[in-house]
Structures are given as C-alpha cells and as structure tokens.
K.L.:
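Please find one structure pasted underneath; my questions will follow.
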Amino acid sequence: MKRVVVGLSGGVDSSVAAYLLQEQGYEVIGLFMKNWHDDTVTISNECPWLEDSNDALLVAEKLGIPFQTVDLSEEYKERIVDYMFNEYEKGRTPNPDVLCNREIKFDVFMKIALSLGADYVATGHYCRKGTIEKDGKETYQLLAGVDGNKDQSYFLCQLSQEQLAKSLFPIGELTKPQVREIAAKMELITAEKKDSQGLCFIGKVRLPEFLQQQLQPKEGLIYEVNADVATYSEAAPEFSSIKEQLAYEAKNIDYKPEMGKVVGKHQGAHYFTIGQRKGLNVGGTKEGLFIIATDVETNSIYTGQGQNHPGLFRKALFIQENEIHWVREDMTLKDGETMDVMVRIRYRQPLQKATLHKFDNGMYISFEAPQSAITEGQFAAWYIGDELIGSGVIS
C-alpha cells in the first residue's frame, strides 16, 4: 500500500485531495505547514494559521488519518521572505507563490514527507500530472487543471522531473464546484470556506503593508509621460540579426525626468510594480494613471494615462541563461533553435501566442501581440496545448 503525505492547508481543496486519495486506496497522512509566525505583521487580530491548522486537524479527524504540524518558518524566512525583500529592493517584483512551491512545498516539505516513508506528496492544486514513455524511461508532464477558471499549473512552473515524479494532484480532474460538492457530502468543515487570498504565508497581510514594515520609506517623485512622447514613435533601426532585433524589442525604455512632468510624490519606488494603478493617490487626470516604469536608483516612478498607454507594451522579453527552467528537460532548446508556444506572464492571464528563441546567453520570447506590463522578476511560463513545458524569470 502506497503512502501519501498530503499538505493539508485548512482549505477545501487539500481536504478533498486527502479524501480522494483515501478512496483510491492510499495510506494517507495529513501534514500542516506552518510558514509564518511573526505576529507583528499580521493586520487583523485574526490568527489565520491557528484557525487553518485547526480546520486541517478537524478534516484529518473526520477522515481518520494521522495528522502532524511541521514548522517551516525558518526555511520560509530564508528562502522566500528574504528573497522577496532582496528582489523588491532591486526594483523587481518576485512571485512568492511560485517560489513557495519550488522551495517549500515540493522541496523542504517533500523531504520531510519522504523521511516519513511516503511514496508521494499530494497537494490541492488544480493541475494534472501526465506520464509518457520516452527513450525507455518515464517522463512526467505538468498539465493544466480541467477547471479553466482555476487552473494553477502556472504556480508549479518551476517544478523539476524529480519533484513531479513524487507528486500527486488528486483534484486536477475536477472543477471547484465539484470539489465543494464532495466536501459538503463528506461533511468536511472546510466545505464552505472561502478561498485564501494574499500570499501563501502571511494569511491576512496585504503585501504593501508587509513591505512597508520591512523596507524603509523614502520620498520620491511621480512623473507622468505623455503617450505622444517622441520615444514611442521612433522608427526601429536596421537590424543585422534576429538576436539584435529581439534585444531591441525586449529592452526597457530608459525614462528620464525631462520626458514627463511631476504629478505627485511617493514613499519609495521599491513598493511599486509595473502596470499597477492603485496606491498612487494622484488625481485630476482624465484616465487613470498606470505605472510604466520604476527606477530604484533615482527613486522615481513613471506613469502614463490609461491602459492603452504605449509605455505599458512590449513585444518581447528576455530570460537569462541561468533562469531558464525546463519541466520537460527532453524538450530543452539549443542555441539557435526556436519553438512556437503559448505563454502567460502572470497567473490567470489568457495564454498568448509566442515564439521562444534560444541563444548562448539566454532566451527571448517574442509575442505575436505586444504584451502589457511585462514585469521583471515575475515568471513567464510556456505551454504546448495544455502542457506546461518550461518557465523562467523575466529579466
């Protein structure tokens, strides 16, 4: 009988995952991860992790499976929180959920599970795992969840073949309403529970407040750049190679104060991200202001009016060599090769037609249609059909 450790989060998805595995005849153990316990940064007096671990315990009792809590807050601080601050200080926007899966759930947590004699680790993610025979050995596929609204394959875009080999995703074939229905039928306490929002660790904390408590505020200026600035209508130079053209299309515009006018002040460029429109507190413009660039060196923020402002769009992006990750290692591109794929640059973005171009120093992704708010530090994930085959950090 195979043993599976389920990461019980106290939510409905992982509860139903545990139940389904039990039905499939696995020996199931529930493990709750405590990732955060610095109470100075929770906003409300609600203590979400206590409530969640209690719900997880009740689910385990209801299903009659053993239950334990593991405290991973040390590793969490080191691998996720410190990394996030580091990235924000550099003016990049990290994705803690993707990292949490790569570094915590499918690494630290997985090692604990395997040390308990588990054959697999299971989570309540909406995605599926496929297995194919290739050159006489098994290759694992990371497939989108059946529920188009809830597909979470993007969050697992950094998993490796080794991690997938030991993973199970029991609810990937179901839709959210079906999952809730099963939970209700089984009278699991989590059946009606709202989906958790916010970061996978700080529960009720909002990211800006969390950042503000850790990064020192420093006042800077907000500039507004007009859509008709000459920069946007410059003719593209002649290119001697496709690589040169892609580099040009992926390059960030280098904004200078003289390209715009001052419209307000902010408390630190490192709190803001491209494409953001909330939190600027600048009024009096015809259309809302969107952030088109931040400069942490000069502590400046550049904005433009409306979601169609040309400063928001780019046709290509670049991923450095050491930040390219192939889930399907057998499909890795060599220098000079290209591949037509579908790409998303943020969770829930509809897939976009694009081409990967591999070079010696990294990889360009060129899009058929220009993309809004390509954000440094976020992950681009590429798919063929409903299979996620690789990902990388946007540089």
Side-chain angles (χ1 to χ4, degrees), residues 5-11 13-14 17 29-57 60 67-90 92-116 118 121-125 152 154-160 162-163 166-167 169 195-215 270-271 273 323 325 347 377-379 391 393:
V5 167
V6 181
L8 282 180
S9 66
D13 298 332
S14 60
I29 298 174
L31 219 53
F32 176 85
M33 279 174 272
K34 183 177 170 202
N35 291 332
W36 190 253
H37 56 53
D38 176 352
D39 295 329
T40 56
V41 297
T42 37
I43 285 179
S44 54
N45 331 343
E46 302 168 59
C47 185
W49 74 262
L50 255 179
E51 195 184 307
D52 288 342
S53 72
N54 200 29
D55 288 347
L57 171 66
F67 176 78
Q68 259 179 298
T69 300
V70 286
D71 188 337
L72 303 181
S73 40
E74 276 304 295
E75 292 88 341
Y76 202 92
K77 188 176 172 331
E78 248 165 64
R79 296 197 191 191
I80 310 294
V81 182
D82 294 350
Y83 169 87
M84 279 172 60
F85 289 131
N86 210 346
E87 287 282 281
Y88 276 106
E89 281 178 320
K90 288 190 209 142
R92 298 177 23 140
T93 308
N95 187 314
D97 294 302
V98 171
L99 284 167
C100 181
N101 286 318
R102 181 182 83 191
E103 300 286 337
I104 304 291
K105 290 181 192 159
F106 294 88
D107 188 29
V108 180
F109 182 76
M110 186 172 260
K111 285 177 179 137
I112 293 171
L114 298 175
S115 76
L116 294 174
V121 162
T123 60
H125 282 103
Q152 290 175 316
Y154 176 81
F155 288 136
L156 303 177
C157 68
Q158 287 276 296
L159 295 194
S160 64
E162 294 70 43
Q163 289 169 316
K166 301 271 179 211
S167 303
F169 307 112
D195 287 354
S196 66
Q197 282 307 319
L199 291 177
C200 65
F201 63 98
I202 331 183
K204 304 282 186 282
V205 175
R206 305 285 169 274
L207 190 59
E209 281 111 47
F210 182 59
L211 287 171
Q212 274 156 16
Q213 290 173 349
Q214 312 284 329
L215 302 174
H270 46 287
Y271 298 135
T273 179
E323 298 199 311
H325 170 76
Y347 175 52
Q378 291 277 307
F379 289 88
S391 67
V393 183

K.L.:
Flag the pair Gln158 / Ser391 as yes when at least one side-chain heavy-atom distance between them is below 4.5 Å, and no otherwise.
P.N.:
yes
K.L.:
Can you check side chain to side chain contact (heavy atoms under 4.5 Å, CB included) on Ser167 and Met110, steps first, answer last?
P.N.:
CA-CA 9 Å; Ser167 303; Met110 186 172 260; 3.5 Å; yes
K.L.:
What is the minimum heavy-atom distance between Met33 and Lys105, and which atoms define it?
P.N.:
CE-CG, 3.6 Å
K.L.:
Given the rule in the side chain to side chain contact (heavy atoms under 4.5 Å, CB included) test, do Tyr76 and Cys100 qualify, once you have shown the distances and angles that lead to the verdict?
P.N.:
CA-CA 8 Å; Tyr76 202 92; Cys100 181; 3.8 Å; yes
K.L.:
Looking only at non-hydrogen atoms, find the nearest pair between Arg92 and Val393 and report the distance.
P.N.:
NH2-CG1, 3.3 Å
K.L.:
Scan side-chain atoms only and decide if Thr93 and Glu87 contain a donor-acceptor pair under the 3.5 Å cut-off.
P.N.:
no
K.L.:
Stepwise, does the ring-ring contact (aromatic ring centres under 6.0 Å, His included) test hold for Tyr347 with Phe155?
P.N.:
CA-CA 7 Å; Tyr347 175 52; Phe155 288 136; 4.3 Å; yes
K.L.:
Taking all atoms of both residues into account, what is the closest heavy-atom pair of Ala118 and Val5, and its distance?
P.N.:
CB-CG2, 3.7 Å
K.L.:
Testing the basics here: between Asp71 and Lys34, what is the closest heavy-atom pair and its distance to 0.1 Å?
P.N.:
OD1-O, 3.5 Å
K.L.:
Quick one: are Val70 and Phe32 in side-chain contact, heavy atoms under 4.5 Å?
P.N.:
no
K.L.:
Heavy atoms, side chains only, cut-off 4.5 Å: are Ile80 and Ile104 in contact?
P.N.:
yes
K.L.:
Check step by step if side chain to side chain contact (heavy atoms under 4.5 Å, CB included) holds for Asn95 and Tyr154.
P.N.:
CA-CA 11 Å; Asn95 187 314; Tyr154 176 81; 3.8 Å; yes
K.L.:
Between Phe67 and Thr69, is any pair of side-chain heavy atoms under 4.5 Å apart?
P.N.:
yes
K.L.:
Is a side-chain donor-acceptor pair under 3.5 Å present for Ser14 with Ser9?
P.N.:
yes
K.L.:
Should the pair Asp107-Arg102 be classified as a salt bridge under the 4.0 Å nitrogen-to-oxygen rule?
P.N.:
no
K.L.:
Does any N or O in the side chain of His125 come within less than 3.5 Å of the main-chain N or O of Leu156, such that one atom is a donor and the other an acceptor?
P.N.:
no
K.L.:
Roughly how far apart are His325 NE2 and Leu159 CG, rounded to 0.5 Å?
P.N.:
6.5 Å
K.L.:
Tell me if a side-chain donor or acceptor on Glu89 pairs with a main-chain N or O of Asn86 at a distance below 3.5 Å.
P.N.:
no
K.L.:
Can you label the angle between the Phe106 ring and the Phe169 ring as parallel, tilted or perpendicular, going by 30° and 60°?
P.N.:
tilted
K.L.:
Do you know which two heavy atoms are closest between Pro96 and Pro94, and how far apart they sit?
P.N.:
CD-O, 3.4 Å
K.L.:
If I take atom NZ from residue Lys111 and atom NZ from residue Lys166, how far apart are they, to the nearest 0.5 angstrom?
P.N.:
13.0 Å
K.L.:
Taking all atoms of both residues into account, what is the closest heavy-atom pair of Gly30 and Leu8, and its distance?
P.N.:
CA-CD1, 3.9 Å
K.L.:
May I ask you to test the Ile112-Leu31 pair for a side-chain heavy-atom distance under 4.5 Å?
P.N.:
yes
